[in-house]
Amino acid sequence: MFEEDKYQPFPPVSLPNRKWPSKKLKHAPIWCSVDLRDGNQALATPMNLQQKVAFFKMLVRIGFKYIEVGFPAASAVEYEFLQLLQRDNLIPADVTVQVLTQAREDQIRKTIQAIDGLPQAIVHVYNSTSKAQREQVFAKSEEEIIQIAVKAVTLLKELTKTTKTKVILEYSPESFSATELPIALAIGEAVFDAWKPTKQDKAIFNLPATVEMATPNVFADQIEWICEHISHKEALIISLHTHNDRGTSVAASELGLLAGGERIEGSLFGNGERTGNVDLITLAYNLITQGIDPQLSFEPMQEIIDLYTEITKIPVHIRHPYVGELVYTAFSGSHQDAIRKGITYRKEHNLKVWNVPYLPLDPQDINRNYDALVRINSQSGKGGIAYVLEQEYGYFLPKAMQPFVAKKVQEQAEKNAKELSVVEIGTIFEQSFVSLNRPLQLEKLQINQTMEKAATVTSYIVYNGKQYTLEGKGNGVLDAFVKSLQQLPSLFSSIQFLDYSEHSLAKGSDAKAMAYIAMEINETIFWGAGKHTNINYASVYAVISALNQAFAIL
């Protein structure tokens with residue numbers, strides 16, 4: 001039950017002249033994957049060495065130039081992993097590894113030992129700075145917290161003289177988003193005063209939303225405030241590390257980039273502690289939809305998904321943005337119809353710019369097939385069902401026929417109470433409109449047609465189990481055939497042709513033809529379909545289909 005006054009709104013940032021709302025993203029940020037550290041420590045069963053190597057190689061293939069590989073001072077496996085990467089020359093020349101350490105002397109010394117021998121490495125130092133941490137966990141004053149950070153960075157700077165590895169400092173005031181901005185600024189000033197970065201040799205100021213505390217616009221205000229006030233700005237790379245406690249880490253990261261952030265730390269599919277880190281895949285594809293090259297390649301995506309799930313044992317949600325199994329799938333009838341028309345329009349007009357209804361990204365850009373876009377259940381409409389029949393079977397249903405077919409498919413979907421497969425949809429159409437041969441069945445047809453299209457048709461018919469030989473003359477084959485049927489007992493009193501269309505199912509002399517016909521039979525409309533290598537037979541079968549439907553109802 002909600003308790004009044006238990007939760008307080010997060011205080012806004014006083015930033016009356018904020019600039020970020022009017023800006024737009026123009027290029028990709030500097031990406032840093034923290035899957036092997038932040039993501040790994042959030043797993044029920046952390047990765048072993050072999051899994052870490054496989055994951056690292058995948059990150060390199062994707063295109064990450066900065067990869068946080070672990071916490072070598074706190075874990076024997078992660079220390080050994082770093083040694084293995086060096087020993088087996090697994091780190092490409094254009095990739096820089098990053099290691100994490102608390103602002104503690106013993107951990108910093110061991111971290112320097114772990115990276116010794118690398119050409120270059122980022123050493124990520126952090127300590128907790130929020131009011132809750134200062135008061136409740138460490139029982140230290142603001143100045144004491146600042147001195148912890150300064151002492152750690154000073155030691156790190158001194159130890160860099162003992163190694164040939166070029167050390168790039170990254171400093172994080174942990175729980176930055178919950179730290180009072182003046183205090184976060186004071187810590188940053190003190191740390192970088194001690195490190196003395198330059199425009200040519202920059203340090204990284206990482207500003208994490210360790211716990212997401214407010215709406216994304218507030219985080220953006222915090223970033224812009226820091227960027228406006230930090231005196232070392234030209235010598236710093238402003239990095240963002242957002243978590244997803246409120247479910248808005250992607251938005252917070254994007255707005256944080258507008259506000260001055262230059263670098264993003266996150267993980268694939270958002271794996272991380274609690275509700276996770278920001279999802280780098282979603283961020284990258286968001287850039288693509290805005291015409292920005294993310295400088296990362298997730299192809300083939302399915303291989304990434306397979307390796308990720310195998311190692312982490314975390315499934316990718318079917319509704320996960322861009323890559324989930326169902327995110328490009330429409331069950332809704334109106335969505336299906338719009339997608340089908342949009343794709344057709346794009347092809348017909350040879351459009352370059354992507355602008356298809358309900359699809360923010362071209363599924364083919366992540367190796368997804370258009371055939372999977374439309375899936376059928378009881379909520380699906382005529383357009384989606386027609387799309388499936390067209391794509392999978394080559395049936396181009398007349399628009400007026402589509403509601404009749406949809407009704408049959410929806411009835412079966414409701415009866416089954418589940419999604420229908422492509423095979424099931426094709427079977428329903430065949431059985432309901434193409435293969436109806438009771439009570440009227442054609443055994444043989446003889447056609448004598450003149451150049452003026454007048455025709456004489458002899459029909460060999462089985463009707464209610466009895467055989468009939470019937471002859472009819474008319475203005476064309478169909479007219480003659482129906483007139484021949486009028487000799488049957490109990491035939492309908494009123495039969496009128498309303499619509500007709502035909503098309504070939506494939507190229508070649510032996511290709512089958514499809515015929516569709518609408519007939520008004522005793523004041524009720526019925527649609528029939530026929531399939532045969534001879535278009536006359538296909539048309540006659542379509543008439544028989546419509547008549548047999550009428551026999552079942554009237």
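Only heavy atoms go into these numbers, but all of them, side chains included; no hydrogens, no water, no symmetry mates. Just so you know, residue 1 is the first one in the sequence shown, and it goes up from there. Predicted, not measured: the structure shown is a model, and the values here were computed from it.
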Identify the two heavy atoms, one from [X] and one from [Y], that lie closest to each other, and give their separation to 0.1 Å.
X: A42; Y: G272; value: CB-C, 3.4 Å
X: A149; Y: V191; value: CB-CG2, 3.7 Å
X: P29; Y: L287; value: CD-CD1, 3.9 Å
X: S253; Y: V278; value: OG-CG2, 3.5 Å
X: F269; Y: D279; value: N-OD1, 2.9 Å
X: I314; Y: T309; value: O-CG2, 3.2 Å

Below 4.5 Å, heavy atoms only, C-beta onward: do [X] and [Y] meet side chain to side chain?
X: H241; Y: R263; result: no
X: V77; Y: F71; result: no
X: F176; Y: F219; result: yes
X: I425; Y: E392; result: no
X: P182; Y: E180; result: yes
X: T248; Y: V250; result: no
X: V356; Y: R346; result: yes
X: W31; Y: K65; result: no

Could you grab the distance from atom [atom1] of [X] to atom [atom2] of [Y], nearest 0.5 Å is fine?
X: L49; Y: Q51; atom1: CG; atom2: CD; result: 9.5 Å
X: L236; Y: L169; atom1: CG; atom2: CG; result: 9.5 Å
X: W225; Y: S14; atom1: CH2; atom2: OG; result: 10.0 Å
X: H243; Y: T275; atom1: NE2; atom2: OG1; result: 8.5 Å
X: I115; Y: K164; atom1: CD1; atom2: NZ; result: 14.5 Å
X: I264; Y: T242; atom1: CD1; atom2: OG1; result: 6.5 Å

Neighbour count above 12 (heavy atom, 6.0 Å) for [X] [atom1]:
X: K202; atom1: NZ; value: yes
X: Y322; atom1: OH; value: yes
X: K313; atom1: NZ; value: yes
X: N355; atom1: CG; value: no
X: Y345; atom1: OH; value: no
X: H27; atom1: NE2; value: no
X: E4; atom1: CD; value: no

query = Mind checking whether H124 and Y126 have parallel, tilted or perpendicular rings, split at 30° and 60°?
reply = perpendicular
ask   = What class does the angle between the rings of F205 and Y171 fall in, given that below 30° is parallel, 30 to 60° is tilted and above 60° is perpendicular?
value = parallel
Side chains of [X] and [Y]: donor-acceptor distance under 3.5 Å anywhere?
X: E265; Y: Q98; answer: yes
X: S172; Y: N206; answer: yes
X: N271; Y: Y308; answer: no
X: T179; Y: T129; answer: yes
X: E174; Y: T210; answer: no

key: Over-ring placement of K157 relative to W195, 6.0 Å and 45° cut-offs   = yes
Would you say [X]'s side chain and [Y]'s backbone share a donor-acceptor pair under 3.5 angstrom?
X: K52; Y: L36; result: yes
X: T289; Y: N286; result: yes
X: N277; Y: G270; result: no
X: K57; Y: A54; result: no
X: E189; Y: S231; result: yes
X: D88; Y: L90; result: no
X: E254; Y: A251; result: no
X: H317; Y: R319; result: yes
X: Q133; Y: S130; result: no
X: T162; Y: L159; result: yes

request  = Would you sort out whether W20 and L257 count as a side-chain contact (heavy atoms from CB on, under 4.5 Å), showing the intermediate values?
outcome  = CA-CA 9 Å; W20 65 261; L257 289 173; over 6 Å; no
inquiry  = Can you pull out every salt bridge (charged side-chain N to carboxylate O under 4.0 Å, His left out) where at least one residue sits in residues 203-222? Sequence neighbours excluded, please.
reply    = R18-D221
Would you mind writing out the side-chain donor-acceptor pairs for residues 290-297 within the sub-3.5 Å range, not counting sequence neighbours?
residue	atom	partner	partner atom	Å
D293	OD1	Q295	N	2.9
D293	OD2	Q295	NE2	3.1

ask   = When you look at I67 and V60, which way does the side-chain contact (heavy atoms from CB on, under 4.5 Å) test go after all the steps?
value = CA-CA 9 Å; I67 302 172; V60 170; 4.0 Å; yes
task = Using the side-chain contact (heavy atoms from CB on, under 4.5 Å) rule, take I122 and V97 through it: C-alpha gap first, then chi angles, then the decisive distance, then the call.
result = CA-CA 6 Å; I122 297 171; V97 297; over 6 Å; no
ask   = Taking only residues two or more places apart in sequence, or in another chain, which ones meet E158 in a salt bridge (charged side-chain N to carboxylate O under 4.0 Å, His left out)?
value = K161
query = Are the ring centres of F298 and Y285 closer than 6.0 Å?
reply = yes
query = Can you list the steps and then say if K131 with E142 is a salt bridge (Lys or Arg N to Asp or Glu O under 4.0 Å)?
reply = CA-CA 9 Å; K131 184 177 181 179; E142 298 168 11; over 6 Å; no
key: Candidate pair R87 and E80, rule salt bridge (Lys or Arg N to Asp or Glu O under 4.0 Å), full reasoning   = CA-CA 10 Å; R87 184 175 63 249; E80 185 180 351; 5.8 Å; no
ask   = Would N40 and D35 count as a side-chain contact (heavy atoms from CB on, under 4.5 Å) if you check the C-alpha gap in whole Å, the side-chain angles of each, and the deciding distance to 0.1 Å?
value = CA-CA 6 Å; N40 183 53; D35 289 270; over 6 Å; no
message = Go through it in stages, so that I can follow the logic: the residues are S175 and S128, the test is side-chain hydrogen bond (donor to acceptor under 3.5 Å, both in side chains), and I'd like the CA-CA distance, side-chain angles, deciding distance and then a yes or no.
response = CA-CA 6 Å; S175 298; S128 299; 5.6 Å; no
D201 with K166: basic N within carboxylate O range, under 4.0 Å = yes
